A.B. asks: 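Pasting a structure below so you can have a look.
Given the structure is predicted, the values throughout are model-derived calculations rather than measurements. Keep in mind that the numbers below use all heavy atoms, side chains included, and drop hydrogens, waters and symmetry copies.
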Amino acid sequence: MYNHNNNNNNGRLPVHRETKPPPIERHHTARYIAHRVRESLTTRVSKVICSIFLTILLVAGIVAFVLWLSLRPHRPRFFIETFSVPGLDQPGGFQNAQVRFKVTVRNSNQHMVFHYGAMQGAVFYKDQQIGSARLTEPFDQGPKTTKVLDEVLTGATLTVSSQRWAEFQGDRSLGKVPFRLDITATIMFKVSTWRSETHRMHANCDVDVGPDGSILPIFRSKRCPVYFT
């Protein structure tokens, strides 16, 4: 008799199941363990050195920033306090014309000294110079101090013709007369034994006077722009 079951079994391919080998137990030698310990110690030491180095850099950066803030020079601060043209309300006032002004100069630095060369002052009307004078001899201005410049331009230091005075009168009839005071000097910054290069300083003070020849309130104690060349 023909056996169908045998025939079916004979037609199948044998299946081989793979079995996982038992885990291999690794026995580390003393040399291997010592090598791993050295690697671990080297890594830790490297991390410690890097941490110390980064900390030093951070502290140095903070110290440098603080020093920069404390030593960073602030420009001199000029403020126009008073400005007047006495006799402006008199048609013939040009014969005894005067220009009076007072300016304060402030050094707001904590540790820095300003060394100024001789200061020069010049008064302009519509960009035309009408007078000038030396305001100071060379001087040092210490930290957190204020210098007062009080000057009168008249006679040889002031040139106002009858035609110019007539122009003043024309502006006066409109309510104000515009002037500009320019102050120039050489300046050098000093901290302890350190000295900067010498720069040319300019302070430009725009100011209007009213019909009575006195500074208008809006310009009183106004800060003047300062720049260097």
A.B. asks: With distance as the sole criterion, is a donor-acceptor pair present between the side chains of T229 and R200 under 3.5 Å?
C.D. replies: no
A.B. asks: Any donor and acceptor pair, going by atom type alone, linking the side chain of N109 with main-chain N or O of H111 inside 3.5 Å?
C.D. replies: no
A.B. asks: Specify the closest pair of heavy atoms between M201 and P76, including all atoms of both residues, with the distance to one decimal.
C.D. replies: SD-CG, 4.1 Å
A.B. asks: Walk me through it: do Q120 and T184 pass the test side-chain hydrogen bond (donor to acceptor under 3.5 Å, both in side chains)?
C.D. replies: CA-CA 5 Å; Q120 294 287 138; T184 58; over 6 Å; no
A.B. asks: With a 4.5 Å cut-off on side-chain heavy-atom distances among I, L, V, M, F, W and Y, is there a chain of contacts connecting I80 to I218?
C.D. replies: yes
A.B. asks: Grab the two heavy atoms, one from S162 and one from F94, that are nearest each other, plus how far apart they are.
C.D. replies: CB-CZ, 3.6 Å
A.B. asks: We want to know whether H115 and D140 form a side-chain donor-acceptor pair, criterion being a heavy-atom distance below 3.5 angstrom.
C.D. replies: yes
A.B. asks: With rounding to the nearest 0.5 Å, note down the distance linking CD in Q98 to OG1 in T154.
C.D. replies: 4.5 Å
A.B. asks: Given side chains that start at C-beta, do those of M112 and W194 come closer than 4.5 Å, heavy atoms only?
C.D. replies: yes
A.B. asks: Is the closest side-chain heavy-atom distance between V152 and V99 below 4.5 Å?
C.D. replies: no
A.B. asks: Specify the closest pair of heavy atoms between R77 and R223, including all atoms of both residues, with the distance to one decimal.
C.D. replies: CG-NH2, 3.3 Å
A.B. asks: Distance check, rounded to the nearest 0.5 Å: E81 atom CD versus F101 atom CZ?
C.D. replies: 13.0 Å
A.B. asks: I'd like to know whether CG of N96 has more than 12 heavy-atom contacts from other residues, nucleotides or ligands below 6.0 angstrom.
C.D. replies: no
A.B. asks: Specify the closest pair of heavy atoms between A118 and P138, including all atoms of both residues, with the distance to one decimal.
C.D. replies: N-CG, 3.8 Å
A.B. asks: Does a salt bridge link K222 with D206, judged by any charged N lying under 4.0 Å from a carboxylate O?
C.D. replies: no
A.B. asks: Taking the ring of F219 and the ring of F83, is the distance between their centroids below 6.0 Å?
C.D. replies: no
A.B. asks: May I ask you to decide if T145's main-chain N or O and N107's side chain share a donor-acceptor pair within less than 3.5 Å?
C.D. replies: no
A.B. asks: Report yes or no: do L216 and F168 belong to one cluster of Ile/Leu/Val/Met/Phe/Trp/Tyr joined by side chain heavy-atom distances under 4.5 Å?
C.D. replies: yes
A.B. asks: Closest heavy-atom contact between A203 and V226?
C.D. replies: CB-CG2, 4.1 Å
A.B. asks: Under 6.0 Å from the NZ atom of K102, do we count more than 12 heavy atoms belonging to anything else shown?
C.D. replies: no
A.B. asks: Could you tell me how the ring of Y227 sits relative to the ring of H202: parallel (under 30°), tilted (30 to 60°) or perpendicular (over 60°)?
C.D. replies: parallel
A.B. asks: To the nearest 0.5 angstrom, please state how far the SG atom of C205 sits from the CD1 atom of I215.
C.D. replies: 9.5 Å
A.B. asks: Between V59 and L57, is a side-chain contact (heavy atoms from CB on, under 4.5 Å) present by the stated rule, with each step listed?
C.D. replies: CA-CA 6 Å; V59 172; L57 282 181; over 6 Å; no
A.B. asks: Hey, what do you get for CG (L135) to OH (Y116), rounding to the nearest 0.5 Å?
C.D. replies: 12.5 Å
A.B. asks: Under the 3.5 angstrom rule, does the side chain of W165 hit a backbone N or O of Q90 as a donor-acceptor pair?
C.D. replies: yes
A.B. asks: Heavy atoms only: give me the nearest L153-L158 pair and the separation to one decimal.
C.D. replies: O-CD2, 3.5 Å
A.B. asks: Answer whether the closest heavy-atom distance between the side chains of L88 and V209 falls below 4.5 Å.
C.D. replies: yes
A.B. asks: Please say whether more than 12 non-hydrogen atoms of neighbouring residues, nucleotides or ligands are located less than 6.0 Å from CG in L174.
C.D. replies: yes
A.B. asks: How many angstroms lie between CD in E197 and CE in M188, if you round to the nearest 0.5 Å?
C.D. replies: 11.0 Å
A.B. asks: Hey, is CZ on F53 packed in by over 12 heavy atoms from elsewhere, all under 6.0 Å?
C.D. replies: no
A.B. asks: Indicate, with yes or no, if F114 and V148 share a hydrophobic cluster defined by side-chain heavy-atom contacts under 4.5 Å among Ile, Leu, Val, Met, Phe, Trp and Tyr.
C.D. replies: no
A.B. asks: Could you please spell out the steps behind the side-chain contact (heavy atoms from CB on, under 4.5 Å) verdict for T136 and K147?
C.D. replies: CA-CA 10 Å; T136 68; K147 172 80 171 177; 4.2 Å; yes
A.B. asks: Indicate if F228 and M119 have the same hydrophobic cluster label, given that clusters are the connected sets of ILVMFWY residues with side-chain heavy-atom separations under 4.5 angstrom.
C.D. replies: yes
A.B. asks: Is it true that D150 and R100 make a salt bridge, defined as a side-chain N closer than 4.0 Å to a carboxylate O?
C.D. replies: no
A.B. asks: When the ring centroid of F179 is compared with that of F124, is the distance short of 6.0 Å?
C.D. replies: no
A.B. asks: What distance do C224 atom SG and F78 atom CZ have between them, rounded to the nearest 0.5 Å?
C.D. replies: 8.0 Å
A.B. asks: Which residue is it: I187, V113, V105? I am looking for the one with a side-chain contact (heavy atoms from CB on, under 4.5 Å) to Q141.
C.D. replies: V105
A.B. asks: Counting only N and O atoms by type, is there a donor-acceptor contact under 3.5 Å from the side chain of S196 to the main-chain atoms of F189?
C.D. replies: yes
A.B. asks: Could you walk me through whether I130 and R164 pass side-chain contact (heavy atoms from CB on, under 4.5 Å), step by step?
C.D. replies: CA-CA 9 Å; I130 61 173; R164 185 73 68 194; 4.2 Å; yes
A.B. asks: Do R106 and K144 pass the side-chain contact (heavy atoms from CB on, under 4.5 Å) test, and can you show the C-alpha distance, the side-chain angles, and the key distance before you say yes or no?
C.D. replies: CA-CA 7 Å; R106 177 73 176 166; K144 296 294 183 180; 3.9 Å; yes
